[in-house]
Amino acid sequence: MIKQSVGKYLSIQAFSTKMHHLIICLIAGIIGFASCSTSQQSAGDEQLAANILADTGFYKVDSMARDLLKQGFNAGSGYSQVWARDLNTFIETALELRPASEIKGAILLFFALQQKNGEMIDGYVLKKDFTWNDTHPYYSAAAPDHVGFKNTVETDQETSLIQLVGKYVQKTGDTSILNVQVAGSSVYGRMVQMFDYLLNERYNKKYGLLWGAMTADWGDVQPGDDFGCDWDSLSNEAIDVYDNAMLIIALKYMQQMATSKQDQQRWKQLQASIFDNVRKYLWDVKNQKFIPHIYPGASPIPEGFDENKINYHGGTAVAIEAGLFSDKEIINVNNRMLSDVKASGMPSIGLTLYPTYPEGFFRGGMSKPYVYQNGGDWTWFGARMIQQLIEHGFVQQAYQEVRPMIDRVIKNGGFNEWYAMGDVPNGSGKFKGSAGVLAKAIALFRQWAKTHQKQNEQ
């Protein structure tokens with residue numbers, strides 16, 4: 001029995017020793033593989049950084065963008081107006097090119113045209129340039145030389161302006177703008193009034209989210225009437241991700257600009273509520289995409305057409321900026337965009353949506369698929385997706401996906417508003433929104449590359 005026990009003990013010891021060596025080998029292998037992978041990744045990043053910093057296309061497009069943005073704050077050729085949503089996307093580069101005092105003045109003019117109920121306009125123009133047929137002009141005694149206008153089907157005007165102010169403060173450090181008195185109220189106080197307006201006039205209590213009229217993704221044209229930009233009897237109340245993601249971003253800026261802890265807490269709580277409700281009601285877990293709309297009332301969607309098959313690219317990009325996604329989800333939605341681009345035949349992830357709404361659903365040229373906001377390709381939003389890929393560390397993907405946008409600017413000699421099938425340029429030929437988002441994306445690429453090179457040198 002003793003010999004048998006000793007034999008078992010020796011046998012167990014031998015097995016234990018073998019297992020110990022095996023585990024050590026496995027660990028060594030894993031460490032070696034990880035070291036090799038890290039080394040390969042580092043080498044790949046180093047090459048990527050070098051490619052970015054040597055990219056002549058980036059230098060060309062950045063120079064072109066800056067030349068255009070030096071020319072003022074209107075949206076671009078064909079647009080004499082200054083729009084909040086447009087200026088919000090090129091203010092950071094504009095502040096490097098124009099005196100901050102000029103941009104501050106342009107921002108304050110918005111507040112001078114704010115309405116008594118707290119509502120904010122889309123934009124403004126000198127009265128002498130108010131030449132288009134708009135039956136709902138906005139006037140204010142605080143801005144006697146200007147007239148305001150607003151596409152009331154949309155709900156991003158207030159949130160765009162708040163982001164605009166936040167970026168101005170962040171870039172310049174000039175917090176004095178918040179205390180400037182405009183017609184008896186401070187700028188900060190007027191931003192609070194804008195939130196009161198949104199919560200009183202554009203907030204659905206059942207879902208705890210903002211609403212607007214049904215439009216295509218981030219667009220400001222509704223189906224059902226020829227003009228399509230004003231809320232009327234043909235409008236359908238709809239809740240989408242774009243408006244609410246814009247609100248989340250604005251609330252983040254409001255927390256930074258808050259004048260009291262009580263206000264800061266208010267904005268933080270509202271942000272958390274909107275965040276949770278977007279994820280609860282708009283995120284389609286099964287299909288890993290946002291549903292296009294919730295319709296609290298009647299739906300305008302024709303019978304037999306499944307709107308939930310449509311993937312909204314622009315709203316998704318803004319949702320990433322709002323922090324609504326994990327890194328894994330960002331990769332999933334980016335892959336979905338690439339798949340949409342391939343299936344559609346359109347040139348880049350600036351593709352507004354896919355599949356498109358059926359022909360004839362919208363009026364005018366937009367009734368056709370892949371025209372304007374019904375599936376047109378907009379760098380204005382596509383490059384925002386590029387920015388977010390960089391911000392979240394997916395630089396290689398971003399670099400590959402930005403190429404069509406860079407190449408067509410150089411090919412066409414300018415920043416077009418949108419592109420049709422076959423990469424055909426359309427709309428304004430000098431669209432500052434496109435220039436602004438590309439210039440910012442290029443700046444983020446270079447910042448990443450320079451930081452990476454410094455880290456490697458250390």
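Side-chain rings of Tyr124 and Phe130 stay apart, their centers remaining 6.0 Å or farther from each other. A centroid separation of 6.0 Å or more is found between the aromatic rings of Phe149 and Tyr138. In this structure, Tyr312 has its ring center no closer than 6.0 Å to that of Tyr242.
Ion pairing of Arg403 with Asp407 is present here, as a side-chain N (NZ or NE/NH1/NH2) and a carboxylate O approach within less than 4.0 Å. One finds no salt bridge joining Asp55 and Lys60 here, because no Lys/Arg side-chain nitrogen approaches an Asp/Glu carboxylate oxygen to under 4.0 Å. Under 4.0 Å is where a charged nitrogen must lie from a carboxylate oxygen, and between Glu119 and Lys150 at least one such pair does. Using a 4.0 Å cut-off between charged side-chain N and carboxylate O, Lys289 and Asp284 make no salt bridge. Comment: Asp225 does not engage Arg363 in a salt bridge, judged by the lack of any side-chain N to carboxylate O separation of less than 4.0 angstrom. Checked for salt-bridge contact, Asp423 and Lys411 miss the test: no charged N lies under 4.0 Å from a carboxylate O. A salt bridge between Asp220 and Arg85 is present, with a side-chain N of the basic residue lying under 4.0 Å from a carboxylate O of the acidic one.
A 4.5 Å side-chain heavy-atom check between Tyr372 and Phe362 finds every atom pair outside the cut-off.
The main-chain N or O of Tyr59 is never found under 3.5 Å from a side-chain atom of Ser63 such that the two would form a donor-acceptor pair. In this structure, the side chain of Thr379 does not engage the main chain of Gly382 through any donor-acceptor pair within 3.5 Å. One N or O on the side chain of Gln163 and one on the backbone of Met246 form a donor-acceptor pair closer than 3.5 Å. Listed for the Thr215 side chain is no donor-acceptor partner under 3.5 Å among the backbone atoms of Val221. Asp86 places no side-chain N or O within donor-acceptor distance of the main-chain N or O of Ala75, the cut-off being under 3.5 Å. Within the 3.5 Å criterion, the main-chain N or O of Thr259 finds no donor-acceptor partner in the side chain of Asp263. Between the side chain of Asp240 and the main chain of Pro292, no donor-acceptor pair closer than 3.5 Å is present. In this structure, the side chain of Asp62 does not engage the main chain of Phe58 through any donor-acceptor pair within 3.5 Å. For Ser160 (side chain) and Asp156 (main-chain N/O), a donor-acceptor pair under 3.5 Å exists by modelled atom type. Using modelled atom types, one side-chain atom of Lys127 and one backbone atom of Pro144 make a donor-acceptor pair closer than 3.5 Å.
Here the shortest heavy-atom pairing between Met214 and Phe361 reads CE-CE2, 3.7 Å. The shortest heavy-atom contact between Ala322 and Ile248 is O-CG2, 3.5 Å. Nearest heavy atom pair, residue Gln157 against residue Ile121, reads CB-O, 3.6 Å.
For the salt bridge (Lys or Arg N to Asp or Glu O under 4.0 Å) test with Glu92, the passing option among Arg98, Lys440, Arg66, Lys171 is Lys440; the others fail. Partner of Trp418 under the side chain to side chain contact (heavy atoms under 4.5 Å, CB included) criterion, chosen from Asp377, Thr352, Asn426: Asn426. Partner of Trp211 under the ring-ring contact (aromatic ring centres under 6.0 Å, His included) criterion, chosen from Tyr281, Tyr295, Trp231: Trp231.
The aromatic rings of Phe325 and Phe290 are tilted relative to each other, their planes meeting at an angle between 30° and 60°.
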### Message
If you apply the rule side-chain contact (heavy atoms from CB on, under 4.5 Å), what do you find for Phe73 with Glu102, and how did you get there?
### Response
CA-CA 9 Å; Phe73 311 129; Glu102 285 187 12; 4.0 Å; yes
### Message
What verdict does the side-chain contact (heavy atoms from CB on, under 4.5 Å) test give for Leu282 and Leu209, after you've listed the backbone C-alpha separation in whole Å, the side-chain angles of each residue and the deciding distance to 0.1 Å?
### Response
CA-CA 10 Å; Leu282 291 171; Leu209 294 168; 4.2 Å; yes
### Task
Please step through side-chain contact (heavy atoms from CB on, under 4.5 Å) for the pair Trp283 and Leu324, ending with a clear verdict.
CA-CA 10 Å; Trp283 179 243; Leu324 282 158; over 6 Å; no
### Query
side-chain contact (heavy atoms from CB on, under 4.5 Å) between Val180 and Lys104: does it pass, once the steps are laid out?
CA-CA 10 Å; Val180 172; Lys104 186 175 184 178; 4.3 Å; yes
### Query
Given Lys128 and Asp145, is the salt bridge (Lys or Arg N to Asp or Glu O under 4.0 Å) satisfied, shown in steps?
CA-CA 9 Å; Lys128 68 179 181 66; Asp145 297 328; over 6 Å; no
### Check against side chain to side chain donor-acceptor pair (under 3.5 Å), Gln81 and Asp129
CA-CA 8 Å; Gln81 313 97 329; Asp129 294 326; over 6 Å; no
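There is no side-chain donor-acceptor pair under 3.5 Å between Glu329 and Gln288. Side chain to side chain, Asp217 and His313 fail the donor-acceptor criterion of an N or O pair below 3.5 Å. Counted by atom type alone, Tyr197 and Gln115 present zero donor-acceptor pairs between their side chains at under 3.5 Å. If you check the side chains of Asp174 and Tyr168, you find a donor sitting under 3.5 Å from an acceptor. Side-chain contact check for Asn204 and Glu237: at least one donor-acceptor pair (N or O, by modelled atom type) lies under 3.5 Å. There is a side-chain donor-acceptor pair under 3.5 Å between Asp232 and Gln222.
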Side-chain polar contacts of residues 383-396 - donor-acceptor pairs under 3.5 angstrom, sequence neighbours left out - could you list them?
unit_1, atom_1, unit_2, atom_2, d
Arg384, NE, Trp380, O, 2.9
Gln387, NE2, Val437, O, 3.0
His392, ND1, Gln388, O, 2.9

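By the side chain to side chain donor-acceptor pair (under 3.5 Å) test, Glu359 pairs with Lys368, sequence neighbours left out.
Summarising the local packing, NZ of Lys167 is surrounded by more than 12 heavy atoms from other residues, nucleotides or ligands at distances under 6.0 Å.
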